Amino acid sequence: MRWPLLIPLLLGSPLWAADWDVPNRAGAINEILAQAADGDTLRLSPGVYAEHLILDRPVTIDGLGQATIDGQGTGSVITVTGPGVTVRGLTVIGSGSSHDGIDSGIQLTKTARAPVIEGNELLGNLYGIDIHGAKDSIVRGNRIEGRQDQRMNDRGNGVYVWNAPGARVEDNHIRYGRDGIFVNSSKKNTFTGNLFRDLRFAVHYMYADNSVVSDNVSIGNDLGYAVMFTTNVKVADNVSIGDREHGVMLNYANKSQITGNVVIGAKEKCTFLYNSNKNEFTDNWFQGCGIGIHFTAGSERNRIVGNSFIGNRTQVKYVSTKWVEWSEDGRGNYWSDFAAYDVDGNGIADAPYRPNDSMDHVLWTQPAAKLLLGSPAVQLVRWSQSAFPALLPGGVMDSNPLMQAPEPPAMKKVPHDG
């Protein structure tokens with residue numbers, strides 16, 4: 001006779017979870033939150049709710065794609081402080097304007113655990129979603145549009161991640177604001193499948209080790225993917241189209257993998273390394289940039305194999321007095337400006353490629369010398385170096401250039417006319 005009483009206790013509270021239909025009237029969400037139990041779902045009627053919500057226990061707020069919560073210009077609109085909270089199907093507007101308070105559409109605090117924020121629209125808030133210490137957060141399938149009424153550097157970020165191990169930010173569309181995703185002092189995060197437009201940086205990464213940035217698309221931002229002061233990050237299969245400064249930038253970033261990315265049309269540099277060491281660049285596609293790849297400030301012992309350098313004004317900028325080999329096990333990189341030949345037909349060019357000569361070094365240090373580019377003296381120096389490679393000053397050498405450019409799978413995400 002006791003079993004019917006014991007079974008609900010063993011199964012736990014979800015057995016008793018209830019659905020609440022919330023009417024569209026002032027204060028209705030907070031009134032029903034006060035009555036709801038752990039595991040309950042609040043389904044909002046269509047319309048606008050002028051409320052601020054604090055979610056401190058496991059509940060689901062479902063706007064069903066028809067409800068809007070308006071913070072009316074003060075604070076964060078929704079604050080999650082408890083475990084097991086889900087927020088979906090809402091439009092969230094009207095946060096405050098305080099950077100000190102990180103006023104956000106949705107703020108996930110350090111006492112939140114495993115919140116799920118999915119399928120929402122966050123429009124015109126200072127910050128879209130602030131993951132502020134909340135472990136194992138999931139932010140997926142949201143549309144986040146930041147403000148446009150301030151200078152870009154004065155705006156907030158689409159998603160701000162601080163000290164939030166295990167955070168996953170997936171399949172979101174993020175536009176305007178400052179940075180799409182800004183990460184500071186957070187480890188073991190995953191950022192995948194997001195689309196970034198009209199921002200400063202698509203992904204801005206600082207002090208964030210052991211993480212993955214993959215399968216994202218950055219279009220028309222100041223900079224695509226910036227990895228700074230970080231170790232062991234995998235930047236894989238991302239796309240950068242028409243980003244104004246750099247597609248990928250590593251600044252004091254070490255022991256990371258940059259693989260399978262496509263960068264097209266960055267005005268300055270497809271890839272820029274500043275004091276970044278022991279990284280692997282494999283199977284990337286760098287096309288139509290001012291510089292294909294630029295190394296500076298002591299960036300050494302980086303592995304560069306299987307990449308394609310297509311139609312960059314300068315393929316490589318690397319100043320060194322010694323030769324650095326960019327091939328491995330008989331396989332190097334593809335260079336669109338190399339008039340290569342392959343007599344034995346093995347797909348590897350029969351002569352090495354050296355992207356830079358002594359005149360390049362002169363032009364990098366003395367830009368005014370560009371006025372002499374057409375002079376017979378310059379042409380004689382370049383002919384001499386091509387005829388007698390021993391005269392070359394050192395730098396990058398690819399002893400086994402590829403005859404064809406390997407196309408990364410990420411190229412499928414590049415927009416094509418027709």
Side-chain angles (χ1 to χ4, degrees), residues 180 196-197 199-205 213-228 233-251 253 256-277 279-297 299 302-319 324 326 332-338 353-356 360 363-364 395-396 398 401-402 404-416:
F196 305 98
R197 305 195 69 160
L199 299 153
R200 186 181 67 169
F201 296 173
V203 177
H204 189 180
Y205 223 74
V213 180
S214 67
D215 297 294
N216 303 287
V217 176
S218 171
I219 300 176
N221 303 299
D222 284 347
L223 197 152
Y225 309 95
V227 180
M228 303 182 180
V233 172
K234 186 173 183 179
V235 181
D237 306 317
N238 301 286
V239 171
S240 163
I241 304 293
D243 289 327
R244 288 176 285 279
E245 294 184 14
H246 318 315
V248 178
M249 180 180 75
L250 272 61
N251 182 6
S256 294
Q257 296 174 289
I258 317 301
T259 182
N261 302 285
V262 174
V263 180
I264 298 176
K267 183 177 180 181
E268 293 189 15
K269 302 160 188 175
C270 286
T271 299
F272 179 48
L273 281 78
Y274 186 93
N275 197 17
S276 297
N277 305 284
N279 301 289
E280 295 190 3
F281 284 78
T282 57
D283 305 313
N284 301 287
W285 182 284
F286 300 135
Q287 177 181 351
C289 303
I291 298 174
I293 189 166
H294 181 191
F295 292 78
T296 190
S299 297
N302 294 287
R303 177 173 174 252
I304 319 289
V305 177
N307 305 284
S308 299
F309 296 86
I310 313 288
N312 303 294
R313 261 197 328 272
T314 299
Q315 300 279 48
V316 177
K317 186 173 180 179
Y318 186 105
V319 180
V324 178
W326 278 12
N333 305 273
Y334 175 80
W335 309 91
S336 65
D337 59 337
F338 184 37
Y353 174 80
R354 300 175 179 88
N356 304 132
D360 291 324
L363 293 172
W364 295 336
V396 170
D398 187 342
L402 304 178
Q404 294 187 350
E407 188 171 290
M411 191 66 77
K412 297 176 183 178
K413 296 194 284 286
V414 175
H416 297 282

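The model shown is predicted, which means the values in this text are computed figures rather than measured ones.
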With ring pair (Phe, Tyr, Trp, His ring centres under 6.0 Å) as the test, pick out the partner of Y353 among F309, Y334, F338, W326.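 For Y353, the ring pair (Phe, Tyr, Trp, His ring centres under 6.0 Å) test succeeds with only one of F309, Y334, F338, W326, which is F338.
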With side chain to side chain contact (heavy atoms under 4.5 Å, CB included) as the test, would you mind laying out the steps for I304 and F295 before giving the verdict? CA-CA 12 Å; I304 319 289; F295 292 78; 3.8 Å; yes
Will you find, in the side chains of S276 and N279, an N or O donor that is under 3.5 Å from an N or O acceptor?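 Looking only at side-chain atoms, N279 and S276 do not form any donor-acceptor pair under 3.5 Å.
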Any luck finding a side-chain donor-acceptor pair between W335 and D398 under 3.5 Å?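 Note: W335 and D398 side chains meet the donor-acceptor criterion.
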Out of [options], which one pairs with [X] under the side chain to side chain contact (heavy atoms under 4.5 Å, CB included) rule?
X	options	result
D243	V248, N221, V263	N221
E268	M249, H294, E245	E245
V235	N216, N284, L250, V227	V227

Say you draw a straight line from CG of L199 to CD1 of I219; how long is it, rounded to the nearest 0.5 Å?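 Atom-to-atom, L199:CG and I219:CD1 are 11.0 Å apart.
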[X] side chain to [Y] main-chain N or O, any donor-acceptor pair under 3.5 Å?
X	Y	value
R244	G220	yes
N261	V239	no
D222	R200	no
S218	S240	no

Does Q315 form a side chain to side chain contact (heavy atoms under 4.5 Å, CB included) with S336? I'd like the steps, not just the answer. CA-CA 9 Å; Q315 300 279 48; S336 65; 3.4 Å; yes
Assess the residue pair T296 and F272 against the criterion (side chain to side chain contact (heavy atoms under 4.5 Å, CB included)); give the C-alpha distance rounded to whole Å, side-chain angles, the decisive distance to 0.1 Å, and a yes or no. CA-CA 8 Å; T296 190; F272 179 48; 3.5 Å; yes
Output yes when D215 and K413 qualify as a salt bridge under the 4.0 Å nitrogen-oxygen rule, no when they do not.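 Yes, D215 and K413 are salt-bridged.
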Side-chain heavy-atom pair T271, I258 within 4.5 angstrom cut-off: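 Result no, sub-4.5 Å side-chain heavy-atom pair not found.
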Using a 4.5 Å cut-off on heavy atoms from C-beta on, say whether the side chain of N277 contacts that of N275.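 The answer is yes, as the side chains (C-beta and beyond) meet within the 4.5 Å cut-off.
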Non-hydrogen atoms of [X] and [Y] that approach each other most closely:
X	Y	result
W285	A405	CZ3-CB, 3.7 Å
Q287	C270	N-SG, 3.6 Å
P355	V396	CD-O, 3.3 Å
D283	P408	O-CG, 3.5 Å
G247	A266	N-CB, 4.0 Å

Of all residues at least two apart in sequence or in a different chain, which pass the ring-ring contact (aromatic ring centres under 6.0 Å, His included) check with F281?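 So F281 forms no ring-ring contact (aromatic ring centres under 6.0 Å, His included) with any residue.
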Residues in ring-ring contact (aromatic ring centres under 6.0 Å, His included) with Y225, at least two apart?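 Applying ring-ring contact (aromatic ring centres under 6.0 Å, His included) to Y225 gives none.
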By the definition side-chain hydrogen bond (donor to acceptor under 3.5 Å, both in side chains), identify the one residue from D237, N238, T282, N307 that meets it with T259.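 Only one option passes, and that is T282.
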